[in-house]
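Take a look at the structure set out below.
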Amino acid sequence: MSAWLDRENPARLGELVGRVPVADAPDVDEAVRAADAAQRSWARTPLAERVRVLREASATFDDEDLAVLLARESGKPVGDCRGELRFSGVFLNWVADRAPEVLADVETDDAAGRLLLRRRPYGAVAAITPWNAPVILAMLKVGPALAAGNTVVVKPSPLAPLAVSELLGRFGDGLVRVVHGEAGTGAALVGHPLVRKVAFTGGEGAGRAIGALAGRMITPAVLELGGNDPAVLLPDAEFTDDAMDRLVMGCFQTSGQVCMAAKRLYVPAGREAEFRDAFTAAARRVVVLGDPLDEETTVGPVITAGAAERIRALIASGGEPVPLGRVACDLERGHYVRPTLLTGLDDSSPVVADEQFGPVVPLLAYSTTEEVLARANAGELGLGASVWSADEDRAFDFARRFEAGFTFVNTHGRTGMALRAPFGGVKRSGHGREYGDEGILEYAQTCSVHAPAAFRAGGGGMAAAAYPG
Ligand code: NAD
């Protein structure tokens, strides 16, 4: 271990927040071997004890110093960072509550024989996570993995490695290890022969590289990738203040750098002006662009100078920009990009066709519901979606036809989530699920033990080469 990665505050250029040591291949090897060695005794530890470790760690998450650290390294408003820490604790407790039922052995003893289904852990799990919600996205892997009897090696993003590393150190002896670095460190981890499962959240490019490497190792991988979520406002949708406040933050939370942000807005033709007025009025109420440590800030800077440049170029690439919200800071001080609504674009514009991952969102008009459904489902991504209507049954009927892993009704993003609802994409947005019982079962393989009735005491036997009837 020789090199270090510095993290600068994206809201205050030149301010060093902290640094982490880069793990090279021997460091990764040592971490995986230790995780592998610890795993067998952890798997034999009773489930009640395993979930107690989750509860104990989660009890320390309401930590103001870490919320401030997370805000300084990620550029997310400090109130959001407090929320992410608290929610991560809530999630770990939810896993602790559900795991005994979800991971229980299932034993059947009947006329067909005796069958045991057991939920066996994989072993050492590699978790590779992005910067935009570094704590919850790590806990979504660590919580279920530990509950199921795995150990974990986490490689956080070098763009927000500090707060999450501190929290990962609170899970007790050797159960969770952290290695820092960029793609090379991640590849050394994913390609390690003692890694038995990979859990990745991030962008498509890294997802393809990790999926390919895991495939070569015959290591199963959960891939939670990007999205280009449509928000479809049906003809009867009401543009109330509350609804518009939720939609605006569904677009611009974390400066739009959220996998499940609303990234395309479809409104009925003829209602564009009404929508634009309602949306801009809502932005004046709920968007305050400012320093993440200022309590009134709701939208901070973007993550890097490169991201700011890319998003400004998208805003300048066509259409009519409508700047949104209030500015409460010196925009030159950090990587600030003013939240913007773009009108007058067609579906081939890059900001519509691709994931923009930043504080700009296109407003698009449609004529019929069949047409908007086809446009919403176009493209390779299928993470989330939302449908807005005064009639809930109508919204659900429409939602059944989305090509999306999850659909929110009359909201979008964080406010629409449920711990019990599995989360993940279809098409090129990835595969595998987090949250819900399925998110726990991702970390266990079902193995069986079977005593066929024919060969149990008193059974009638069977011809040596026969199939069972
Ligand atoms: P990223 O893909 O650049 O990085 C994610 C992680 O992968 C980092 O830890 C990075 O160091 C590592 N990495 C990059 N290349 C690698 C390689 N070749 N081998 C191994 N590791 C590698 O993503 P980001 O910029 O941190 O996050 C943004 C993306 O993540 C967006 O596309 C967003 O939509 C997506 N995302 C998805 C979800 C979800 O749940 N589906 C959640 C959050 C973010």
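- For the pair Arg12 (side chain) and Asp291 (backbone), a donor-acceptor distance under 3.5 Å is absent.
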Any chance you could lay out the side chain to side chain contact (heavy atoms under 4.5 Å, CB included) test for His180 and Val22, step after step, and finish with the verdict?
CA-CA 5 Å; His180 291 291; Val22 177; 5.9 Å; no

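- The side chain to side chain contact (heavy atoms under 4.5 Å, CB included) test with Arg264 is passed by exactly one of Leu364, Asp229, Val361, Val232: Leu364.
- The shortest non-hydrogen separation linking Lys427 to Gly379 is NZ-O, 2.9 Å.
- Applying the 6.0 Å contact sphere to CD of Glu392 captures no more than 12 heavy atoms from other residues, nucleotides or ligands.
- Residues passing the side chain to side chain donor-acceptor pair (under 3.5 Å) test with Thr415, sequence neighbours excluded: Thr411.
- The shortest heavy-atom contact between Ala206 and Phe200 is CB-CZ, 3.5 Å.
- Each of Phe91, Phe408, Phe406 was scored for a ring-ring contact (aromatic ring centres under 6.0 Å, His included) with Phe423, with one residue passing: Phe406.
- Here the straight-line distance linking atom CZ of Arg98 with atom CD1 of Ile440 works out to 6.5 Å at 0.5 Å rounding.
- Crowding of Arg285 atom CZ: a count of heavy atoms from other residues, nucleotides or ligands under 6.0 Å exceeding 12.
- The ring-ring contact (aromatic ring centres under 6.0 Å, His included) check on Phe61 picks up nothing, with sequence neighbours excluded.
- A salt bridge does not link Arg312 with Glu309: every distance from a Lys NZ or Arg NE/NH1/NH2 to an Asp or Glu carboxylate oxygen is 4.0 Å or more.
- Salt bridge Arg170/Asp63: present, at least one basic N to carboxylate O contact under 4.0 Å.
- Residue-environment remark: CD (Glu64) exceeds the threshold of 12 foreign heavy atoms within 6.0 Å.
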What do the steps show when you test Tyr266 against Arg375 for side chain to side chain contact (heavy atoms under 4.5 Å, CB included), and what is the final call?
CA-CA 9 Å; Tyr266 289 97; Arg375 289 167 65 192; 3.7 Å; yes

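- Residue Glu15 qualifies as enclosed at atom CD: its count of foreign heavy atoms under 6.0 Å is above 12.
- Using a cutoff of 4.0 Å between basic side-chain nitrogens and carboxylate oxygens, Arg414 and Asp80 are scored as salt-bridged.
- Considering Glu204, Glu380, Glu355, Glu224 in turn, Glu380 is the only one that fulfils the salt bridge (charged side-chain N to carboxylate O under 4.0 Å, His left out) rule with Arg428.
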Applying side chain to side chain contact (heavy atoms under 4.5 Å, CB included), run through Phe252 and Leu247 and close with a yes or a no.
CA-CA 9 Å; Phe252 298 119; Leu247 182 55; over 6 Å; no

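- Using a cutoff of 4.0 Å between basic side-chain nitrogens and carboxylate oxygens, Arg401 and Glu370 are scored as salt-bridged.
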Intermediate values then yes/no, side chain to side chain contact (heavy atoms under 4.5 Å, CB included), Asp346 and Val352:
CA-CA 8 Å; Asp346 63 42; Val352 182; over 6 Å; no

Show which side-chain atoms of residues 124-145 pair as donor or acceptor with protein atoms under 3.5 Å away, not counting sequence neighbours.
| unit_1 | atom_1 | unit_2 | atom_2 | d |
| --- | --- | --- | --- | --- |
| Asn132 | ND2 | Gln257 | O | 2.9 |
| Lys141 | NZ | Leu137 | O | 2.8 |
| Lys141 | NZ | Thr201 | OG1 | 2.7 |
| Lys141 | NZ | Glu434 | OE2 | 2.9 |

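- Look at Asp241 and Arg246 and you find no salt bridge, because none of the NZ, NE, NH1 or NH2 atoms lies under 4.0 Å from a carboxylate O.
- What you find for Tyr366 and Leu234 is that their closest heavy atoms are OH-CA, 3.3 Å.
- The existence of a salt bridge linking Arg52 and Glu56 is confirmed by a sub-4.0 Å separation between a basic side-chain nitrogen and an acidic carboxylate oxygen.
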